Each structure stands twice: as C-alpha cells, then as structure tokens.
2 protein chains.
Amino acid sequence: MTIPRAAKTLRRTRIQEEKEEQILEAALDVFSASGFRGSTIDQIAEVAGISKPNLLYYFRTKEAMHRALIDRVLYTWLEPLRAFDAEGNPEEEIRSYIRRKLEMARDFPRESRLFANEVLQGAPHIEDELKGPLKELVDEKAEVIRAWAKSGKIIKCDPYHLIFSIWSTTQHYADFDVQVRAVLGQEHSGEGRFEDAARFLEQLFIGGLRPDRSES
Amino acid sequence: MTIPRAAKTLRRTRIQEEKEEQILEAALDVFSASGFRGSTIDQIAEVAGISKPNLLYYFRTKEAMHRALIDRVLYTWLEPLRAFDAEGNPEEEIRSYIRRKLEMARDFPRESRLFANEVLQGAPHIEDELKGPLKELVDEKAEVIRAWAKSGKIIKCDPYHLIFSIWSTTQHYADFDVQVRAVLGQEHSGEGRFEDAARFLEQLFIGGLRPDRSES
DNA sequence: TGTAATGTTTACCAATCGGTCAAATTATCC
DNA sequence: GGATAATTTGACCGATTGGTAAACATTACA
C-alpha cells in the first residue's frame, strides 16, 4: 500500500529529494512572478517539467507547496539582519548590512518578490512569521541600534524606521526592477546599477546617521 | 438600438458617471489587494454591489477596467514629483517631497498597492507609462537635482537613486503596511507611525544630503 | 529475480473563470 | 404618455481552476 504522503518524511528517497527540489524551484519562479492567487498549479508543473498529478503527489495542495517554499526561503532571507553585530563598528555594520541586502536583491530577486507579493497582499500565509520570528529579530537589533544612538556613535533616531528604510531602499531594486530599468533607460540598466545604488545608499545612510552637529 | 459601448463617451449620462465611479472604486479595492491575475470580475462586481453582466456593460473586459483605473490614478500619483520645484530651496523641496509622498502612502494606500502589484509582477499593463511619461518626468527632476549638486547646494550624488530611495522608503508604509504593523506591534501601529516615519526620513535625507564636509 | 513500495500518468470531477445573449426593466425626451 | 434608448438581469457558454481515482510503470531491496 502507498504510504500516505503526510508520513513520507520518515525516509526520503533520492527521487523525493530531487523532485521536491525541482518543484520548489519552479514554484519560486511562478509564485514570485504572479503571487499566490495569480499562480496556478498547471503553470508550476509545466515549469518544473512534470505532470500536475505528479506534482500533487509531492505537495498535496497549492497551499502546502507555498508553505514549504516560504519555510525554505525565510531563514536565508533573514540572514543579513542576523549578521548585524552589536560589537562591531556602527558605521561599518550599517554599511555592510546595506551591501549584503543589495547583494541579495541582485542575486535572489525571486525570493524578494515572493515575500513582497505575499506582504503586499496582506500576508495571509505568513502573518505568524512576521509577528513571531521576524518581530523578535528586529526588536533585538533595534535595541543594538538604540544603544549606539544613546552612546553617541550615531545620531539619535528611531531604530525601527531605520531598519525599514534599509529594507525598502535595497529590496526596491529587486521588487521594482522593471520600473528601475524603465526609468534608468537601457544604457544604465546593466549590473552596474547595483554599484551605483550601493554608492548612493552608503553615502545617504552613513552621512545621514553620522553624529556631526545634528539638529536637536 | 443600443449604442455600442465604444462610442459611449459621446454623451455620458448621470447613471454612467455614477456607475463607472462605483465600479472603479470597487476595482481599486480588489486589484490593489490581489493584483490583476489574482482578482476576479465576480469579486469586483460583488464589492461594487452590482451584477457581473451589468459591470461588463460598462467595461467590456477585465483589462479595460484595469486600464481605466490605471489611467485615472496615475496622474494623481505623480503629482508630488511634479510639484518638485527647481527654483525652491533644495532642503525644503526634498523635505516637502518626502512629506507629500508619506501623506499619499497614508491616505491612498490602495493606489500605492495597485502600482506595486503591477510593477512587482513585471508591469505587463503599464510598461508604456513607465518608459514614457514616468521616465520623462524623472529625467526632468533628476536634472534639477543634478544642478543642485553641481552648485554645491546638496552633496554630489546620483539623482536617480535619490529619487528611488524616496519612493521606496515612503511607499513602504503603504505597500508593506502589514509587515510594518507586525514589527512595530500593536502599541506603535496607530497613525502616529507616519509622524515617526516622517521625522526619521527627514532626518536621514536632510542629514545625508547636506554638503558639510562630505567624503570625496 | 520476485515483490512490495514508490512514483507516474490518463482520465476525470465540480467549481470558478472571463465573457455572451436575449429578455426584461428603467430612464429619457418629445 | 408613448416611443425609444439606456440599463439591468438570469441563464448560459467554453476554458481553466484545484484536486482526485485508479491503472500503470518503476524502483528498491530481500
């Protein structure tokens, strides 16, 4: 008798490994491009190069597939923030956080768009992750930033909005890529735009946070 | 004989005016929440409180409805950038641009999400608008910023990436609202978060662009 | 090599999709 | 008030949706 798919994890075969990988890769392609509601199982199956029932043998529902994808990608996605080091030099920590986030926008735009689509549409499938692990991590790092501000290493500012602004400016280059390209025109749409963006953002954030003679 | 809908604009009745308004309002609700592919005509008809065939009497296809909505909203959406004044004081111009964009994110989040959804999914329906009117407007304002930089009124920086960073940081509060709320927690999710955001962003941009003793 | 478990496919299902049609209803204007 | 045009609706269409059933093929392993 066929083992019910829920118990499948007891012993994963080589084929399971490969096919699930193959399916999630295709799912990332499709979900990131069309959002959950806008994506179809047929589409994903086609991109994965297998039949729909075969796909549904590995993931029983569209939701299950989406969830597996989120789970697999979320940890990696938060890596740059996790690397934010309280002991480091503030200016250098912020600079390298920006750089890492920009690299992710450049190298993993689909992952960025996957989350962007999800959050944009009300985060119906990742609410728990946002209010749980994400919030806790941000709270922790916000405390670090607050301490830096208190000791005068950077300007006095709201650490949460600082983090938001780093997220938004960097992820912008993945999520709104077509707009960026359209505005910059063909001649500046090469990979060099990430270098330009990095230069500008470091200038902005380092300059904007440096505790020279700040207002109030 | 019933006048074909294509020629309807020759003389618009009161009912046409009202119903189209009513439909586009509902369409904004639905499209901004689910994107084009993820939205259904039935959904929009239900929100609008009319039957589906009745809706299709005013807009013959889903595409036509979406297009009408984009056309109606785009002009307003670009208003803040258009107000950017070359003659004004740079610091004050940037400050008020940020403020206006934040107000739009607060007061018209659906419009922001409509475009975000569209751009995120590759802008299949607004490519022309991005490469045409939008690019031209941005090019024009970028020239203004470049002149400010050249005359030393602000730091030397890439004007395009400056505009991108203002767009992304401000629209973040509309597009990623649920994430912002989740991270800030209930206690800071009131309308006050826009005040906090405004304070931070002005601090960041004014400080980051001020031509004190800048690097290089 | 046989067999039991695993993997794949064909054919199908009910629900929903975007959209049409003709008939019925309502508004407009002389 | 009646004719005519504008509006609204219920019934319906073929295509696509997420998902299932069962037969079939393949693999792993004793």
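Just so you know, these numbers come straight off a predicted model, no measurement behind them. Numbers restart at 1 for each chain; the letters A, B, ... are given by sequence-line order, proteins then strands.
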For [N], does either OP1 or OP2 sit under 4.0 Å from a side-chain N or O belonging to [X]?
| X | N | value |
| --- | --- | --- |
| A:S51 | C:dT8 | no |
| A:Q16 | C:dT6 | no |
| A:Y57 | C:dT8 | no |
| A:N54 | C:dT9 | yes |

Can you measure [X] atom [atom1] to [N] atom [atom2] for me and round it to whole angstrom units?
| X | N | atom1 | atom2 | value |
| --- | --- | --- | --- | --- |
| B:E46 | C:dC17 | CD | P | 11 Å |
| B:E63 | C:dC17 | CD | P | 16 Å |
| B:K62 | D:dA15 | NZ | P | 18 Å |
| B:Y58 | D:dT9 | OH | C1' | 13 Å |
| B:E18 | D:dA6 | CD | C1' | 14 Å |
| A:I44 | D:dT17 | CD1 | C1' | 13 Å |
| B:R37 | C:dC17 | CZ | P | 12 Å |
| B:D42 | C:dC17 | CG | P | 5 Å |

Worksheet item: Ring centres of B:H161 and A:Y173 under 6.0 Å apart?
Response: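 Here the rings of A:Y173 and B:H161 have centres that are less than 6.0 Å from each other.
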Worksheet item: Hey, do the aromatic rings of B:Y160 and B:W167 have their centres closer than 6.0 Å?
Response: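 No.
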Would you say the side-chain atoms of [X] pair up with the backbone N or O of [Y], donor to acceptor, closer than 3.5 Å?
| X | Y | result |
| --- | --- | --- |
| A:R72 | A:A68 | no |
| A:S32 | A:D29 | yes |
| A:K141 | A:F84 | yes |

Worksheet item: Nearest of D:dA21, D:dG18, D:dG19 to any side-chain atom of A:P53?
Response: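 Nucleotide nearest to A:P53's side chain: D:dA21.
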Practice prompt. Among the candidates C:dT8, D:dG18, C:dG18, find the nucleotide nearest to the side-chain atoms of A:K19.
Written response: C:dT8
Worksheet item: Got a donor-acceptor pair under 3.5 Å from the side chain of A:K52 to the base of D:dG18?
Response: yes
Item to complete: Could you pick out which residue, B:I41 or A:L55, lies toward the 5' side of DNA chain C when each is mapped onto its nearest nucleotide?
Response: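 The residue mapped nearer the 5' terminus is A:L55.
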